[in-house]
Amino acid sequence: MFAALTVLAVALSAMASPMQRATPGPWCDGLGSGAFDTAPSFTLTAVNTTGSTAGSTGAPLVIGSAGAMKSAQFWHVITAASWPDPLVYPTLSLSSGTLILSPAEDSSPAQATTVDAGNSLWFFTSATSDPSAGAQVYCAVQGDSGLPLLAVNNDADSFSLCQTSFENVVYYKAAPDRGYDFDSCYPVQLQIIYQ
């Protein structure tokens, strides 16, 4: 009986956060013993942490274009309602602290950049972009809902959803005078939904 319960407990913990490494990297420091930096295919939702929608399943998030210049194209995390086009990067994965975008057919590989306060979660595609060389700043932690939350720079609680000219964009430590409507920002947590 005890052996059966032990097997069940191990199986359930594996389902909660698939493919956890035994010891995550320093990008997970301070996030607790349940933090992990490797996870298979998932999408994200933005869960409002204040007001009447607190505790909901959240607004679906996607990877949308953030512009281009010369030989590079830039991408960031936005609400699905802001992106009417077919998805170029339909899912994400986490590999040793790097957020990897899974491209649709005929799409270029994208590389994650560092994430500074006041900025969105950026990715770029170019002739030299290499997803495995992306910034190792991401981690996941178990959320109160039972689903994991994405963290960046050892922090899962400093994301905001803010309005730009025509999109709702996820920002890390939103700040005024950064090119988006700071007054429209509200705090969110980025919930991981396994595919």
Side-chain angles (χ1 to χ4, degrees), residues 16-17 20 24-39 42-64 66 74-83 89 91-101 110-124 134-165 167-194:
S17 44
Q20 290 183 11
W27 37 88
C28 292
D29 286 354
L31 294 175
S33 61
F36 55 99
D37 65 359
T38 298
F42 60 85
T43 59
L44 295 170
T45 62
V47 179
N48 186 342
T49 59
T50 63
S52 62
T53 60
S56 74
T57 57
L61 298 174
V62 297
I63 306 301
F74 301 94
W75 303 88
H76 57 182
V77 180
I78 63 175
T79 60
S82 300
W83 186 255
Y89 300 97
T91 60
L92 306 94
S93 61
L94 194 55
S95 178
S96 298
T98 299
L99 200 55
I100 306 288
L101 305 183
Q111 183 173 330
T113 65
T114 58
V115 181
D116 298 319
N119 291 331
S120 62
L121 312 182
W122 285 86
F123 306 86
F124 73 93
Q136 289 180 299
V137 295
Y138 292 96
C139 192
V141 296
Q142 201 59 36
D144 291 339
S145 71
L147 293 172
L149 302 173
L150 188 68
V152 68
N153 301 329
N154 310 95
D155 183 358
D157 296 317
S158 296
F159 294 108
S160 294
L161 201 54
C162 305
Q163 181 68 46
T164 65
S165 302
E167 296 174 323
N168 285 310
V169 180
V170 173
Y171 288 93
Y172 174 66
K173 294 188 176 180
D177 302 319
R178 299 298 296 233
Y180 47 88
D181 181 3
F182 180 70
D183 292 333
S184 74
C185 298
Y186 59 90
V188 295
Q189 290 182 319
L190 304 185
Q191 191 168 256
I192 292 173
I193 309 295
Y194 292 111

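Remember, it's a predicted structure, so these values are computed and weren't measured experimentally.
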May I ask you to test the Leu92-Leu101 pair for a side-chain heavy-atom distance under 4.5 Å? yes
Once the angle between the rings of Phe124 and Phe74 is folded into 0 to 90°, is it parallel (under 30°), tilted (30 to 60°) or perpendicular (over 60°)? tilted
Please enumerate all residues that pass side chain to side chain donor-acceptor pair (under 3.5 Å) together with Thr43, with sequence neighbours excluded. Gln195
Distance (rounded to the nearest 0.5 Å) between Tyr186 OH and Thr50 OG1: 8.5 Å
Counting C-beta onward and ignoring hydrogens, is there a side-chain heavy-atom pair between Leu44 and Ile192 closer than 4.5 Å? yes
Where do Ala112 and Leu99 come nearest, in terms of heavy atoms and distance? CB-O, 3.7 Å
For the side chain of Ser160 and the backbone of Cys162, is there at least one donor-acceptor N/O pair under 3.5 Å apart? no
Going by side chain to side chain donor-acceptor pair (under 3.5 Å), name the residues that satisfy it together with Asn154, two or more places apart in sequence or in a different chain. none
Heavy-atom check, side chain of Asn153 versus side chain of Lys173, under 4.5 Å: no
List the residues meeting ring-ring contact (aromatic ring centres under 6.0 Å, His included) with Phe42, not counting sequence neighbours, and say none if there are none. none
Write down the atom of Ser145, the atom of Gln191, and the distance for their closest heavy-atom approach. OG-OE1, 3.0 Å
For the residue pair Ser96 and Thr38, establish whether any side-chain heavy-atom pair is separated by less than 4.5 Å. yes
Is there a side-chain contact between Phe123 and Val77, using heavy atoms and a 4.5 Å cut-off? yes
Under the side-chain contact (heavy atoms from CB on, under 4.5 Å) rule, collect the residues that match up with Ser95, sequence neighbours excluded. Ile100
Do the side chains of Thr79 and Leu61 get nearer than 4.5 Å, heavy atoms only? yes
Tyr171: what forms a ring-ring contact (aromatic ring centres under 6.0 Å, His included) with it, not counting sequence neighbours? Tyr180
Do Leu161 and Val170 come within less than 4.5 Å of each other through their side chains, counting heavy atoms only? yes
So, using side chain to side chain donor-acceptor pair (under 3.5 Å) as the criterion, who are the partners of Gln136 when residues are at least two apart? none
Which pairs of donor and acceptor atoms, one on a side chain in residues 113-121, lie under 3.5 Å apart (sequence neighbours left out)?
residue : atom : partner : partner atom : Å
Thr113  : OG1  : Trp122  : O            : 3.2
Asn119  : OD1  : Arg178  : NH2          : 2.7
Ser120  : OG   : Trp122  : NE1          : 2.9

If you look at every heavy atom in Ala156 and Phe159, which pair is closest and at what distance? O-CD1, 3.9 Å
Counterpart residues, side chain to side chain donor-acceptor pair (under 3.5 Å), relative to Gln189 (two or more places apart): Asp157
Assess whether atom CG of Asp177 is packed by more than 12 heavy atoms of other residues, nucleotides or ligands within 6.0 Å. no
